[in-house]
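Notes follow the structure.
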Amino acid sequence: MEKAKTAECPVIWIQCATCTGCSVSALNSVSPSIKNVLIDEVIPGKHVNLRFQATVMAGAGDAVIEEMKETSVREKGKYILVVEGAIPTTDKAADYGSIGEENGEPVSMVERVETLGKDALAVVALGTCAAFGGIAAGKPNPAGCISVGDLFKEKGITTPLVNIPGCPPHPDWFIGTIAKVLLIGLPGPKEVDEYGRPKDFYGQLIHENCPRRAYFDEGKFAKKFSDPGCLNELGCKGPVTHADCPLRLWNGGVNWCIGSGSPCIGCVEPGFPDQLAPFYKKLTEDILPNIGSREEV
Ligand code: FSX
Ligand code: SF4
């Protein structure tokens with residue numbers, strides 16, 4: 001019997017104002033391994049055809065920029081654009097970050113996100129910087145960094161956008177989302193929360209599933225790092241943070257932040273890091289209402 005043809009799913013992955021932690025986290029995917037994701041069929045009959053990714057591709061220079069551009073023309077409306085990092089938008093945006101050149105002049109990240117974002121099938125904002133601004137948009141933000149969603153709103157770009165925050169995001173959140181999109185299509189409005197995060201991964205609070213929750217309920221609080229007990233008094237943001245870390249664990253199930261004695265710092269939330277800071281100070285009632293708000297505090 002003839003083997004069914006594998007469908008190629010082109011992906012362009014660009015990096016803007018990022019520490020590259022999102023790339024590193026995705027490369028650490030354990031199940032499936034990154035080899036399975038990139039070389040094999042990520043789901044039966046479909047292959048992720050990663051056309052551009054500066055950290056892992058062997059090529060460099062004009063040749064890879066041309067390939068990126070050609071892919072976006074050839075596969076118009078069919079490719080997935082992954083944006084990692086926030087987007088510098090000051091008047092001199094290219095001074096804060098560019099991707100390749102045109103006629104000897106650097107092309108700003110904001111121009112690339114706009115051009116490639118318009119013609120994509122869907123855009124994945126990978127990491128808290130791309131999804132909400134994150135560390136790159138933290139005060140004083142001299143580069144005028146904003147999220148992909150805010151840029152799209154400003155420019156009237158209506159390409160479907162999925163936010164996969166986390167600083168960095170868990171590899172499963174990203175690869176699971178890509179696999180689901182290829183399997184059954186883009187998430188519907190009921191499958192994402194008010195911040196565009198898939199409920200499959202961001203549907204519950206850390207605090208709901210935390211193994212230290214019994215200590216919290218009994219009022220047994222750690223007074224210093226390495227104490228047993230709930231980490232609330234050491235600044236844990238688990239009560240306002242939506243992610244499945246306590247169930248999924250990190251590094252292939254080895255451990256996670258609270259498991260290793262660190263309070264949750266709320267890295268998947270809009271407003272991270274400024275509104276979640278100070279990280280090691282008890283969450284107080286007066287900062288609670290501001291969590292997730294886009295207003296300056
Ligand atoms: Fe870094 Fe990504 Fe944080 Fe930002 O992750 S891990 S600063 S979300 O853009 O590379
Ligand atoms: Fe909640 Fe954090 Fe305490 Fe866990 S350690 S029970 S998430 S406050």
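Both counts, for ligands and for their atoms, begin at 1 and track the order of listing. Starting from 1, each residue takes its place in the sequence as its number.
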### Query
Which residue supplies the protein heavy atom nearest to atom 2 (Fe) of ligand 1, what is that atom called, and how far is it?
Cys22 SG, 2.2 Å

### ligand 1 atoms in contact with Gly166 (distance to a heavy atom under 4.0 Å)
8 (S)

### Message
Pairing donors with acceptors under 3.5 angstrom, does anything connect the side chains of Gln204 and Asp244?
### Response
no

### Task
State the atoms of ligand 2, each with its element, that fall below the 4.0 Å cut-off from a heavy-atom position in Ile258.
2 (Fe), 7 (S)

#### Entry: Contact check: Leu126 vs ligand 1, nitrogen or oxygen atoms, below 3.5 angstrom
no

### Query
Stepwise, does the salt bridge (Lys or Arg N to Asp or Glu O under 4.0 Å) test hold for Glu218 with Arg212?
CA-CA 10 Å; Glu218 289 169 9; Arg212 298 195 190 217; over 6 Å; no

### Query
Out of curiosity, is Gly85 lining ligand 1, as in a heavy atom under 4.0 Å away?
yes

### Message
Students should be able to answer this: which protein heavy-atom is nearest to atom 5 (S) of ligand 2, and at what distance?
### Response
Leu231 N, 3.3 Å

### Query
Does Glu102 come within less than 4.0 Å of Arg112, counting only side-chain N to carboxylate O?
yes

### Message
Looking at ligand 1, is there an atom of it that comes within less than 4.0 Å of some heavy atom belonging to Ala130?
### Response
no

### Protein heavy atom at shortest distance from atom 3 (Fe) of ligand 2
Cys230 SG, 2.3 Å

### Query
Are Asp227 and Lys223 ion-paired here, with the side-chain N under 4.0 Å from a carboxylate O?
no

#### Entry: Proximal atoms of ligand 1 relative to Glu84 (non-hydrogen, under 4.0 Å)
10 (O)

### Query
Between Ile164, Ile135, Thr128, which one has a non-hydrogen atom sitting closest to atom 8 (S) of ligand 1?
Thr128

### Query
To the nearest 0.1 Å, how far is atom 1 (Fe) of ligand 1 from its closest protein heavy atom, and which atom is that?
Cys19 SG, 2.3 Å

### Query
Numbering the atoms of ligand 2 from 1, which are under 4.0 Å from a heavy atom of Cys236?
2 (Fe), 5 (S), 7 (S), 8 (S)

### Query
Which ligand 1 atoms does Thr20 reach within 4.0 Å, using its non-hydrogen atoms?
10 (O)

### Task
Considering heavy atoms of the protein only, find what lies nearest to atom 3 (Fe) of ligand 1 and give residue, atom and distance to 0.1 Å.
Cys167 SG, 2.3 Å

### Query
For ligand 2, which atoms, with element, lie under 4.0 Å from some heavy atom of Arg213?
6 (S)

### Query
Are any of the side-chain nitrogens in Glu8 or Lys78 under 4.0 Å away from the carboxylate oxygens of its partner?
no

### Query
Please state which protein non-hydrogen atom is closest to atom 4 (Fe) of ligand 1 and give its distance, to 0.1 Å?
Cys129 SG, 2.3 Å

### Message
Aromatic contact between Phe52 and Tyr79, with the criterion being ring centroids under 6.0 Å apart: yes or no?
### Response
no

### Message
Between the side chains of Lys180 and Glu191, is the shortest nitrogen-to-carboxylate-oxygen separation below 4.0 Å, so that they form an ion pair?
### Response
yes

### Query
If you look at His207, which of its N/O/S atoms is nearest to atom 1 (Fe) of ligand 2?
ND1

### Task
Kindly confirm whether atom 4 (Fe) of ligand 2 is within less than 2.8 Å of some N/O/S atom in Cys210?
yes

